[in-house]
Amino acid sequence: MKKLHIKALAMLLLGGSMVSCGDDFLDSKIYDGIDIETGLNSVNNIGYALNGTYYSFYRYYFAGNYATSFGDIASDLAYWNRSSSHFNAINQFTPSVTDTYLSYIWEYGYKVVDNSARIIKAGEAMKENVHEDEIADLDMYLAEAYALRAYANLVLVNVFAHQVMVDGQDFSAQPGIVVINEPVAAGTMVSRSTVGDAYTSIVNDLKSSINYFELAGQTKENRVYMSPAAAWGLLSRAYLYMEKFDESIDAAKKALAAAGDPALAYTPAAYKALYNGEGSNTESFFYLAINTSDNWSANSCGTLWSNYSYGPTPYLKSIMTDGDVRRAVWSWNTNDKGVEEFGSGKFGAYGLGGNSAYGTNYLINAPEMYLNQAEGYLRSSSADITNAQNALLVVAKRNPAITSVADLPSDKDGLMSFIQEERARELFQEGHRLYDLRRWDVSANLAQDNVSYPEIDWAITGFKISDCVYPIPADEINAGFGVTQNEGWQNTFPKK
């Protein structure tokens, strides 16, 4: 498989752009390359290699932009005013097998997966012979590697395969991704698993991560590293997609408990302060180490949601009342061509001079856990409306007009519609919307175009994207290592 085999972590992926195995991410430099075949022979080297894996994860090719932005850009929440060409084919639902964004998501997702698999294999093999003083560190590194592999696999299966469940319909037997439980050697022929097998691997990896964190009895304090809260939170997300609602609720509660049940912000000032930069979001369990000195500049999410022309659609504006505290990070500017640009929203880095390149990606957060619980309670076999309302209220109070469950719908259909809209309001710019629309099997208006700016219209109306499956990159297919294309993927997309 062309993109999977990695002979060496050459200079830990960037020849001197990674940190030591300590607690400060991107704080110092490492210049000694570690051969992937022979170099993972000590706990210290496992730590170095793990940081290299974090770096692939953190790149703008993956979680630092493309893989995170994808889920909102390809949805009814992102308006593109066409003053740049970034993500335009994804936003307009006209992807191709040579699409740059799809290619990088595939390549860097598998860098994370394959490197994690190598760390896991080497780390578990040395457990019996590790000095007693190093056991806790090794267990913690293994916990992080399992969680990173699960995160990357969840992204890959969501982007390149059918949604596992769609409003009660089971698509777990559909072609999935290449699941890597063992490192893949150069030139190895591989094959795609089913979607269900991919989710089984994701769940098992997250359970292993949680178990290793328990064995370690420690975690890094800096939230740019995986933690028990992040692992539980990601497990809640995976279970929600699988429509295992009771399990999703339980994992969400454990994620919140592991994070110390962080309080949510309910005033405009407190909400805006969540996005001051430098990890200022106290509601987050896991975020990227993007800051004033280490960032992606023009390739950042902040640039995408400002100078590169993306902002909230009129639909999202219409369901976000003026008094909603989440509007505290919404602003608009007019560029030199007279075109309105969004002020970058959650990537505003308001405490760092408002430079949107300094805004980081908050990837697993407390509000999602309450929304997972709300949907889980409502869609479980018992359809527990009361508990669904109580969980939903925690987030819905961002709108000061909502003060009690009496302000929420009391019937199942009405409450489900509210939850769907609340996920749009709360999770905007976090990359969930595409997968939500697909798994709910709901119709959406998509691909907003300029008609005569500032007038805009939908190019695609009332389309269900639940069957949309993106193509495997042509480079991977043409490499000839066994990965097959999603048959008929072109026919799953709307025709304008």
Atom pair CE (Met242) and CG (Leu240), whose distance is rounded to the nearest 0.5 Å: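 Spacing of CE (Met242) from CG (Leu240) equals 11.0 Å.
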Donor-acceptor pair, side chain of Ser209 and main chain of Glu144, under 3.5 angstrom: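 Side chain of Ser209 to backbone of Glu144, a donor-acceptor pair under 3.5 Å: no, none is there.
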Interatomic spacing from CG in Leu427 to OH in Tyr435 - rounded to 0.5 Å: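 So the CG of Leu427 and the OH of Tyr435 are separated by 13.0 Å.
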Point-to-point distance, once rounded to the nearest 0.5 Å, from CD of Gln429 to SG of Cys301: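 Answer for the CD-SG pair, Gln429 versus Cys301, is 8.5 Å.
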Nearest-0.5 Å distance, CG of residue Leu50 to OH of residue Tyr55: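 So the CG of Leu50 and the OH of Tyr55 are separated by 15.5 Å.
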Backbone of Trp296 reached by a side-chain donor or acceptor of Ser300 within 3.5 Å: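 Not at all, since once roles are kept as given, no pair shorter than 3.5 Å links the two residues.
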Criterion ring-ring contact (aromatic ring centres under 6.0 Å, His included) on Phe62 and Tyr104, from CA distance to verdict: CA-CA 7 Å; Phe62 198 64; Tyr104 277 124; over 10 Å; no
Heavy-atom donor-acceptor pair, Arg326 side chain to Arg398 backbone, under 3.5 Å: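 Not at all, since once roles are kept as given, no pair shorter than 3.5 Å links the two residues.
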Between Glu283 and Tyr362, a side-chain donor and acceptor under 3.5 Å: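 Absent: no donor and acceptor within the cut-off.
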Candidate list Arg439, Lys464, Arg379, Arg438, test salt bridge (Lys or Arg N to Asp or Glu O under 4.0 Å), partner Asp167, passing option: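 It is Arg379, the one option of Arg439, Lys464, Arg379, Arg438 that forms the salt bridge (Lys or Arg N to Asp or Glu O under 4.0 Å) with Asp167.
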Atom pair OH/CZ of Tyr101 and Phe70 - distance to nearest 0.5 Å: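 Going from the OH atom of Tyr101 to the CZ atom of Phe70 covers 11.5 Å.
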Glu243 side chain vs Gly168 backbone, donor-acceptor pair below 3.5 Å: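 Here the side-chain-to-backbone pair exists.
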Between Gln218 and Asp137: side-chain donor-acceptor atoms closer than 3.5 Å: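 Their side chains do contain a donor-acceptor pair, which is all the 3.5 Å distance test asks for.
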Main-chain N/O of Asp76 paired to Thr313 side chain as donor or acceptor, under 3.5 Å: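 Indeed, once roles are kept as given, a pair shorter than 3.5 Å links the two residues.
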Expected output: side-chain Tyr239 to main-chain Ala252 donor-acceptor under 3.5 Å: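 Absent.
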Side chain to side chain donor-acceptor pair (under 3.5 Å) between Glu422 and Tyr370, intermediate numbers included: CA-CA 11 Å; Glu422 191 63 21; Tyr370 290 107; over 6 Å; no
Aromatic ring proximity Tyr61/Tyr108, centre distance under 6.0 Å: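 Yes - the distance between ring centres of Tyr61 and Tyr108 falls below the 6.0 Å cut-off.
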Ring centroid separation Trp106 to Tyr470 under 6.0 Å: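 Between Trp106 and Tyr470, the centre distance exceeds or equals 6.0 Å.
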Set of side-chain contact (heavy atoms from CB on, under 4.5 Å) partners for Gln420, sequence neighbours left out: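 If we apply the side-chain contact (heavy atoms from CB on, under 4.5 Å) test to Gln420, skipping adjacent residues, the hits are Met416, Trp440, Val442.
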Cation-aromatic face contact Arg425/Phe418, 6.0 Å, 45 degrees: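 Yes; both conditions hold, so Arg425 lies above the ring face of Phe418.
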Side chain to side chain donor-acceptor pair (under 3.5 Å) between Asp384 and Ser382, worked out: CA-CA 6 Å; Asp384 188 340; Ser382 61; 5.2 Å; no
Any donor-acceptor pair under 3.5 Å from Thr194 side chain to Gln174 backbone: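 No, the answer is negative, given that no donor and acceptor are paired below the 3.5 Å cut-off.
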Nearest-0.5 Å distance, CD of residue Gln389 to CG of residue Leu408: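 It is 6.0 Å, given to the nearest 0.5 Å.
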Check: Thr200/Asn204 side-chain N/O donor and acceptor closer than 3.5 Å: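 No, no side-chain donor-acceptor pair sits under 3.5 Å.
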Under 3.5 Å donor-acceptor, Tyr358 side chain and Gly302 backbone: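 Answer holds: no.
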Note, Phe285 side chain near Met369 side chain (heavy atom, < 4.5 Å):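 They are in side-chain contact.
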